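Being a predicted model, the structure only gives us computed values, none of them experimental. Order of the sequence lines fixes the chain letters, A, B, ..., with proteins taken first and strands second; residue numbering starts at 1 for each chain.
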Number of protein chains: 2
Amino acid sequence: MKEETIRKKLNKAGLKATPARLAILALFAKRHTPLSADDIAIALKKEKIDLVTIYRTFASLEKAFILKRVDLRRDAAYFEMADNHHHHHLVCTECGDIEDFELCDIGNLSQKILKKSSKFKAVSDHAFELFGLCTSCAGK
Amino acid sequence: MKEETIRKKLNKAGLKATPARLAILALFAKRHTPLSADDIAIALKKEKIDLVTIYRTFASLEKAFILKRVDLRRDAAYFEMADNHHHHHLVCTECGDIEDFELCDIGNLSQKILKKSSKFKAVSDHAFELFGLCTSCAGK
DNA sequence: TTTCTTGCAAATTTTTTGCAACTTA
DNA sequence: TAAGTTGCAAAAAATTTGCAAGAAA
């Protein structure tokens with residue numbers, strides 16, 4: 001993703017295009033896998049971005065729907081670009097390896113569920129991840 | 001759930017039926033909502049179960065498939081009885097309120113996804129939660 | 001009695017807050 | 001310049017570890 005695109009995105013959200021945000025978003029755009037605060041600190045150690053800044057960036061970009069949280073059942077919080085083509089993850093419970101998949105019928109499903117619900121009025125997002133064994137871990 | 005049932009479950013898993021485990025599982029059986037370590041410590045404060053014990057109980061019961069982890073996008077880890085009728089959650093992003101739903105086609109879906117996968121051999125579990133607004137928060 | 005569990009203290013790890021200095025628009 | 005951001009230090013919260021004492025099978 002071009003820096004210009006990222007700047008526009010931030011702008012539209014009313015967020016300033018600071019070096020930290022640009023670097024973090026560029027990293028998310030380059031890597032197509034969920035990243036934790038620590039992952040980012042390590043990958044951008046040359047840029048020396050404070051962990052606090054990374055956490056605050058997560059918070060502001062999540063609120064702006066630029067990043068989205070991904071549940072990997074790990075210790076730390078993971079995020080991903082929100083605008084990538086809609087997809088979810090197969091997660092290996094043994095080695096943590098991740099594969100994306102796009103097949104996701106959940107838009108329909110969630111409308112059905114919402115209709116049946118007595119307490120909910122709207123659904124804005126969903127978590128959908130599959131946990132299992134990758135070929136190499138299953139072989140062991 | 002009767003204590004006898006719980007004892008059997010633990011037994012079958014090769015785990016000892018200690019007071020802490022019995023109390024924790026009884027609580028999970030009574031409340032039908034996901035609970036964090038803290039929730040349990042508070043609910044069972046009369047029993048004075050150490051937080052460390054609760055975390056260790058989570059670990060052993062999760063491994064034994066007696067408890068399962070639930071992703072609520074909160075700060076702490078939440079668990080639930082694993083054997084309850086299969087269900088998932090609508091989670092209000094505003095107030096945290098939870099409603100269960102049972103409609104879940106994911107068994108089929110995950111087989112389809114697995115077939116298409118190049119790296120995965122088996123899927124043993126899935127996370128599927130919907131995030132949105134409950135009626136009362138949507139009204140605000 | 002043997003093995004598994006617990007509690008306590010202490011350490012780690014993850015995430016958040018306060019505040020002054022500094023950038024971006 | 002005004003509003004939003006960052007880094008640093010410190011705190012808070014969540015989770016884990018070591019070890020000796022205690023309980024279950």
(message) Looking at Phe28(B), I'd like to know if the NZ or CZ of Arg31(B) sits under 6.0 Å from its six-membered ring centre while staying within 45 degrees of the ring's axis.
(response) no
(message) Do the side chains of Asp71(B) and Arg73(A) get close enough for a salt bridge, i.e. N-O under 4.0 angstrom?
(response) no
(request) For Thr18(B) and for Val52(B), find the nucleotide of DNA chain C with the closest heavy atom, then tell me which residue's nucleotide is more 5'. (result) Thr18(B)
(request) Could you check whether Asp75(B) gets within reach of a base, just the sugar-phosphate, or nothing at all, counting any heavy atom under 4.0 Å? (result) sugar-phosphate
(message) Between the base of dT23(C) and the side chain of Lys16(A), is one N or O donor paired with an acceptor at under 3.5 angstrom?
(response) no
(request) Identify which nucleotide among dA14(D), dC8(C), dG7(D) has an atom closest to any side-chain atom of Asp50(B), counting heavy atoms from C-beta outward. (result) dC8(C)
(request) Map Ala77(B) and Ser60(A) onto DNA chain D by nearest heavy atom, then report which one ends up closer to the 5' terminus. (result) Ser60(A)
(request) Confirm from the modelled atom types if Arg56(A) and dG7(D) form a donor-acceptor pair under 3.5 Å, side chain to base only. (result) yes
(request) May I ask you to verify if any side-chain N or O of Tyr55(B) is less than 4.0 angstrom from the OP1 or OP2 atom of dT16(D)? (result) no
(request) Compare the minimum distances between each of dG7(D), dG4(D), dT15(D) and the side chain of Thr53(A), then state the nucleotide with the smallest one. (result) dG7(D)
(request) Could you please name the option among dT24(C), dT15(D), dT5(C) that lies closest to any side-chain atom of Leu15(B)? (result) dT5(C)
(message) Classify Ala37(A) by what it touches in the nucleic acid, base, sugar-phosphate, or nothing, heavy-atom distance under 4.0 Å.
(response) nothing
(request) Name the closest nucleotide to the Pro19(A) side chain, picking from dA14(D), dT24(C), dT15(C). (result) dT24(C)
(request) Pick out which of Ile49(A), Ile6(A), Thr18(A) makes a side chain to side chain contact (heavy atoms under 4.5 Å, CB included) with Ile24(A). (result) Ile49(A)
